[in-house]
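These notes concern the structure reproduced below.
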Amino acid sequence: MADNIIFMINKYSLTPEFTLGFLGGGQLARMSALEAFKMGLQVSVFGSAKDKEPLEWMTPHVTKGSFSDVSELKKFASDCDVVTLENEFIDSSILQEISSQANTNLFPSSFSFEKIESKLKEKQCFENAGISVTPYDIINAENDLSVFGDKHGWPYLLKSSKGGYDGYGNKTVRNKKEATIAFAELGGKNGREIIAEAYVPFRKELAVQVARNDLGTKVYPCCETIQEDHICKVVISPARIDPKLQNKAQDLAIAATEAIDGRGIYAFEFFLTDNDELLLNESAPRPHNSGHYTIEGCVGSQFNNHVRAVLNLPLASTDMRKPAAVMINLLGTRTGGARAENHERLFNCPDGHLHLYGKTMSKPGRKMGHFTLLGDDHETILQQALTITKDFKI
């Protein structure tokens with residue numbers, strides 16, 4: 001077969017020079033890039049971190065800069081055929097500018113991204129689409145802190161409207177004094193947009209991933225997430241809830257994707273309340289930690305469908321390969337250079353799969369990798385996975 005063969009797929013010609021660009025070089029970009037490499041594509045990354053990011057180990061096409069530097073971002077995008085995101089640390093206005101000036105297709109589009117780029121916009125967008133969200137309000141001044149607490153009860157959450165993740169940018173406040181301190185620490189006094197979210201009685205936290213492009217929509221199983229200190233520790237798929245509620249969560253996730261006209265891969269997190277109501281908590285216009293189990297657990301992973309979706313290729317099946325999957329996040333256990341210990345047993349497990357992200361520095365609570373175990377019964381493999389990973393250190 002000739003080396004210069006061209007595959008005509010919709011509007012893109014997939015040649016050996018075809019380049020998929022990632023804004024952000026973390027583990028999400030790394031795992032999506034692995035799928036792009038399987039398709040014979042080139043991968044380019046624009047990273048903002050000082051340290052070498054996980055994707056940077058895999059490609060020679062690396063640009064370092066700021067996500068506010070339109071000139072550098074435009075130059076980067078001009079050298080790519082398609083650009084996509086692995087985080088939300090950028091403004092929709094900048095995405096719109098680089099997309100138009102570089103004449104490069106970018107997914108999610110600036111239009112879709114703008115609708116959910118802050119927690120305030122996100123909640124307003126989904127509310128307007130008829131999707132229930134957690135009770136919230138904008139906090140403009142310190143007096144608003146007591147008003148919200150009196151209305152929705154204490155404790156509640158204060159969140160930076162943009163840029164928070166894994167507990168960063170979030171504060172639980174139990175009284176006016178704590179709320180006032182948190183408001184200042186989150187930047188409320190310096191003009192940063194802060195929202196308050198009520199605590200709602202819930203019995204499960206759920207997540208659903210959706211892949212969508214011009215050729216169709218694929219929805220992943222509704223999975224269950226277990227959080228600790230605002231960080232996801234365990235994912236169980238499918239969720240241990242009534243199948244009717246699983247289906248409802250999937251329908252809501254599809255509706256949310258359509259509400260923003262999303263192209264690419266999206267994730268949606270829900271609270272399942274004590275009275276079986278589903279409240280949309282947060283969304284992400286990219287692959288998501290809750291979908292890592294899909295690498296081995298589904299016919300087509302969220303990362304494979306990320307690449308397919310942004311290239312407008314036919315989407316892969318989201319069916320599970322086994323009745324049950326459990327994913328354990330492997331978090332940093334110390335501060336310093338990354339060094340895995342007690343990892344041998346993770347390799348010696350039938351249908352167990354270890355992923356380390358190639359991060360050079362570890363710190364407590366940082367996501368350094370994950371372990372997925374597949375099987376026929378949720379409870380059995382959950383206990384196995386917890387036992388296998390309990391002594392792992394990095």
Side-chain angles (χ1 to χ4, degrees), residues 26-28 30-31 54 87 134 157 159 164-172 197 199-209 220-241 249 267-272 281-284 286-298 301-302 324-335 338 340-343 345-346 349 351-357 359 361-375 377-394:
Q27 66 264 25
L28 301 177
R30 179 186 176 105
M31 288 184 274
N87 62 54
T134 51
L157 277 171
K159 293 185 176 183
Y165 69 99
D166 288 350
Y168 297 101
N170 301 335
K171 298 282 187 181
T172 299
E197 286 186 7
Y199 269 106
V200 295
F202 66 88
R203 59 187 182 90
K204 297 282 186 183
E205 292 187 71
L206 309 171
V208 179
Q209 297 79 36
Y220 283 90
C222 172
C223 62
E224 174 184 346
T225 67
I226 299 175
Q227 316 283 329
E228 186 176 302
D229 297 327
H230 302 291
I231 301 174
C232 178
K233 299 296 289 290
V234 178
V235 175
I236 302 167
S237 187
R240 297 169 296 179
I241 59 174
F268 302 92
E269 297 177 274
F270 298 91
F271 290 131
L272 177 62
N281 181 34
E282 291 186 353
S283 66
R286 52 168 172 78
H288 193 261
N289 185 218
S290 62
H292 290 355
Y293 78 91
T294 65
I295 298 174
E296 291 84 22
C298 294
S301 73
Q302 66 165 345
V326 167
M327 188 277 290
I328 309 292
N329 271 324
L330 302 176
L331 307 179
T333 54
R334 55 177 167 245
T335 299
E341 297 179 2
N342 302 330
H343 53 277
R345 65 193 303 176
L346 280 72
C349 179
D351 228 347
H353 307 271
L354 173 64
H355 295 259
L356 298 179
Y357 301 148
K359 295 180 178 179
M361 300 300 293
S362 178
K363 62 181 179 180
R366 189 181 193 197
K367 292 174 182 173
M368 303 298 292
H370 71 267
F371 178 75
T372 301
L373 184 61
L374 308 181
D377 174 73
H378 288 110
E379 302 306 324
T380 300
I381 62 171
L382 174 59
Q383 293 308 312
Q384 288 178 344
L386 290 172
T387 299
I388 290 167
T389 59
K390 71 176 183 176
D391 295 324
F392 177 84
K393 296 184 184 302
I394 190 166

Exercise. Less than 4.5 Å apart, any side-chain heavy atom of L272 and any of I241?
Worked result: yes
For this session: Report the relative orientation of the aromatic rings in H292 and Y357; use parallel for angles under 30°, tilted for 30 to 60°, perpendicular for over 60°.
Result: perpendicular
Exercise. Excluding sequence neighbours, so at least two apart, what forms salt bridge (Lys or Arg N to Asp or Glu O under 4.0 Å) with D377?
Worked result: none
Exercise. Does E296 have any salt bridge (Lys or Arg N to Asp or Glu O under 4.0 Å) partners at least two apart in sequence or in another chain, and if so, which?
Worked result: none
Exercise. Is the closest side-chain heavy-atom distance between V326 and Y293 below 4.5 Å?
Worked result: no
Exercise. Taking only residues two or more places apart in sequence, or in another chain, which ones meet K159 in a salt bridge (Lys or Arg N to Asp or Glu O under 4.0 Å)?
Worked result: E197, E282
Exercise. Side chains of Y199 and T134: is there a donor and an acceptor less than 3.5 Å apart?
Worked result: no
Problem set entry | Result of checking T372, L373, I295 against M327 for side chain to side chain contact (heavy atoms under 4.5 Å, CB included) | T372
For this session: Determine whether R366 and M361 make a side-chain contact, defined as any pair of heavy atoms from C-beta on separated by less than 4.5 Å.
Result: yes
Exercise. Is it the case that Q209 and S290 place a side-chain donor and acceptor less than 3.5 Å from each other?
Worked result: yes
For this session: For residues Q227 and K233, determine if any side-chain heavy atom of one lies less than 4.5 Å from a side-chain heavy atom of the other.
Result: no
Exercise. Does T333 reach the side chain of P364, with side-chain heavy atoms less than 4.5 Å apart?
Worked result: no
Exercise. Heavy-atom distance under 4.5 Å between the side chains of H288 and E269, does that happen here?
Worked result: yes
Exercise. Are the side chains of T225 and L206 in touch, meaning some heavy atoms are under 4.5 Å apart?
Worked result: no
